[in-house]
Amino acid sequence: MAKLLEVTRLSAAYGSVQVLHDIDFSLDVGHITAILGANGAGKTTTLRSLCQTVRTTGSIVFDGQQIVGKATENVVRMGVAHVPDGRGTFTALSVEENLRLGAYVRANKAALALDMEKAFTRFPLLKHRRHQQAGTLSGGEQQMLAISRALMLRPKLLLLDEPSFGLAPKIVAEIFDIMRTINREDKVSMLLVEQNASLALDLADYAYLLETGRVALSGPSDRIKNDESVRRAYLGY
Ligand SMILES: Nc1ncnc2c1ncn2[C@@H]1O[C@H](COP(=O)(O)OP(=O)(O)OP(=O)(O)O)[C@@H](O)[C@H]1O
Ligand SMILES: [Mg+2]
């Protein structure tokens, strides 16, 4: 299987404090890979490394090109869209304006209206609120908008930082179902960061578990899910 992302000996630091220590992971084209771990394990920092918004060493090869050392904007142009923790929508702008901004760096703007309609078909709740200020949406609606905004880039890779955070189980199930559809139908590969291991393992093909900035364990999701000792020791359920 061809690799979309191949990360080797990735380290990252904030000032003099090193947070990631030589981690290796990869993502096959078309797959969903999950990165699991407790608070402070380095999940968000891993995604920041891919966007080059934190100081990194090592190698990150995306779609055949080295990312380490590139400007964040150029990483985005390569087709990497980030749904950050806390969602990163522009709260003062409307739903529609947020979606438009998502396509900002896209070279071909022709299909913009089409993609916006697609977002509204995927998330009908957003359609009714297209002129509403993003900051006044519910948490679930904001997450839907954040994902839709990222998809407006027509990315090859979607980075998702705890999309389930703070949302009711029913909304989370709905959002994860739609993420699965987007992966299958639009062939968008995903790197999903989650504290909710059971949820993430249901969606992902492959998973890595981070512990204090190191990969403690990795394997196909099914194997991790069905290994009771691993589940008890690392995942706590
Ligand atoms: N901007 C920053 N400056 C200094 N240290 C930071 C910064 N951001 C994160 N850290 C530290 O890096 C470590 C990893 O943080 P990170 O946010 O990557 O963890 P996480 O796995 O995403 O945790 P959570 O589940 O709480 O979101 C933590 O010890 C954190 O305190
Ligand atoms: Mg985090």
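Not one N or O on the side chain of Thr53 forms a donor-acceptor pair closer than 3.5 Å with the backbone of Ser49. Listed for the Asn226 side chain is a donor-acceptor partner under 3.5 Å among the backbone atoms of Asp222.
Among pairs with a residue in residues 198-218, those fulfilling ring pair (Phe, Tyr, Trp, His ring centres under 6.0 Å) read Phe25-Tyr208, Tyr206-Tyr208, at least two apart in sequence or across chains. The side chain to side chain donor-acceptor pair (under 3.5 Å) analysis of residues 28-37, with sequence neighbours excluded, yields the pairs Lys3-Asp28. For residues 13-26, the pairs satisfying salt bridge (charged side-chain N to carboxylate O under 4.0 Å, His left out) are Arg9-Asp22, with sequence neighbours left out. Screening residues 88-103 for side chain to side chain donor-acceptor pair (under 3.5 Å), with sequence neighbours left out, gives Ser94-Glu97, Glu96-Arg100, Glu96-Arg130. Pairs passing the ring pair (Phe, Tyr, Trp, His ring centres under 6.0 Å) check and including a residue from residues 146-190, sequence neighbours excluded, do not occur. Evaluation of the side chain to side chain donor-acceptor pair (under 3.5 Å) test over residues 54-63, restricted to residues two or more places apart or in two chains, returns Gln52-Thr56, Ser59-Gln66, Asp63-Lys156. Here side chain to side chain donor-acceptor pair (under 3.5 Å) pairs that include residues 142-151, with residues two or more places apart or in two chains, are Arg87-Gln143. The salt bridge (charged side-chain N to carboxylate O under 4.0 Å, His left out) pairs that include a residue from residues 226-237 are Glu228-Arg232, where partners are two or more places apart or lie in different chains.
Taking CG of Leu4 as the start and OG of Ser189 as the end, the distance is 4.5 Å to the nearest 0.5 Å. Note that the CG atom of Leu99 and the CG atom of Leu145 stand 5.5 Å from one another [nearest 0.5 Å].
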Working for side chain to side chain contact (heavy atoms under 4.5 Å, CB included), residues Leu114 and Leu112: CA-CA 5 Å; Leu114 204 76; Leu112 204 141; over 6 Å; no
Given Asp186 and Arg122, is the salt bridge (charged side-chain N to carboxylate O under 4.0 Å, His left out) satisfied, shown in steps? CA-CA 12 Å; Asp186 295 353; Arg122 287 259 154 83; 3.0 Å; yes
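A donor-acceptor pair shorter than 3.5 Å can be found between the side chains of Gln132 and Thr136.
Partners of Arg214 under the side chain to side chain contact (heavy atoms under 4.5 Å, CB included) rule, at least two apart in sequence or in another chain, are His21. For Asp85, there are no salt bridge (Lys or Arg N to Asp or Glu O under 4.0 Å) partners two or more places apart in sequence or in a different chain.
The cluster map of Ile, Leu, Val, Met, Phe, Trp and Tyr, joined by side-chain heavy atoms under 4.5 Å apart, puts Ile178 and Ile32 in the same cluster.
For the pair Leu210/Ile35, a side-chain contact is recorded, criterion being any heavy-atom separation below 4.5 Å from C-beta on. Counting heavy atoms from C-beta outward, Thr181 and Asn183 have side chains that stay 4.5 Å or more apart. Residues Ile175 and Asp177 fail the side-chain proximity criterion, which asks for heavy atoms closer than 4.5 Å. The closest side-chain heavy-atom distance from Asp161 to Val83 is not below 4.5 Å.
Checked against Met179 for a side chain to side chain contact (heavy atoms under 4.5 Å, CB included), the options Leu160, Val188, Leu158 give a single hit: Leu160.
Under a 4.5 Å side-chain heavy-atom cut-off, the cluster of Ile, Leu, Val, Met, Phe, Trp and Tyr residues that includes Val19 is completed by Tyr14, Val54.
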Under 3.5 Å, sequence neighbours excluded: what are the donor-acceptor pairs made by side chains of residues 195-204?
| unit_1 | atom_1 | unit_2 | atom_2 | d |
| --- | --- | --- | --- | --- |
| Asn196 | OD1 | Leu199 | N | 3.2 |
| Asp202 | OD1 | Lys225 | NZ | 3.1 |

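More than 12 heavy atoms of other residues, nucleotides or ligands shown are found within 6.0 angstrom of CZ on Arg180.
Using a 4.0 Å cut-off between charged nitrogen and carboxylate oxygen, Lys43 and Glu194 do not count as a salt-bridge pair.
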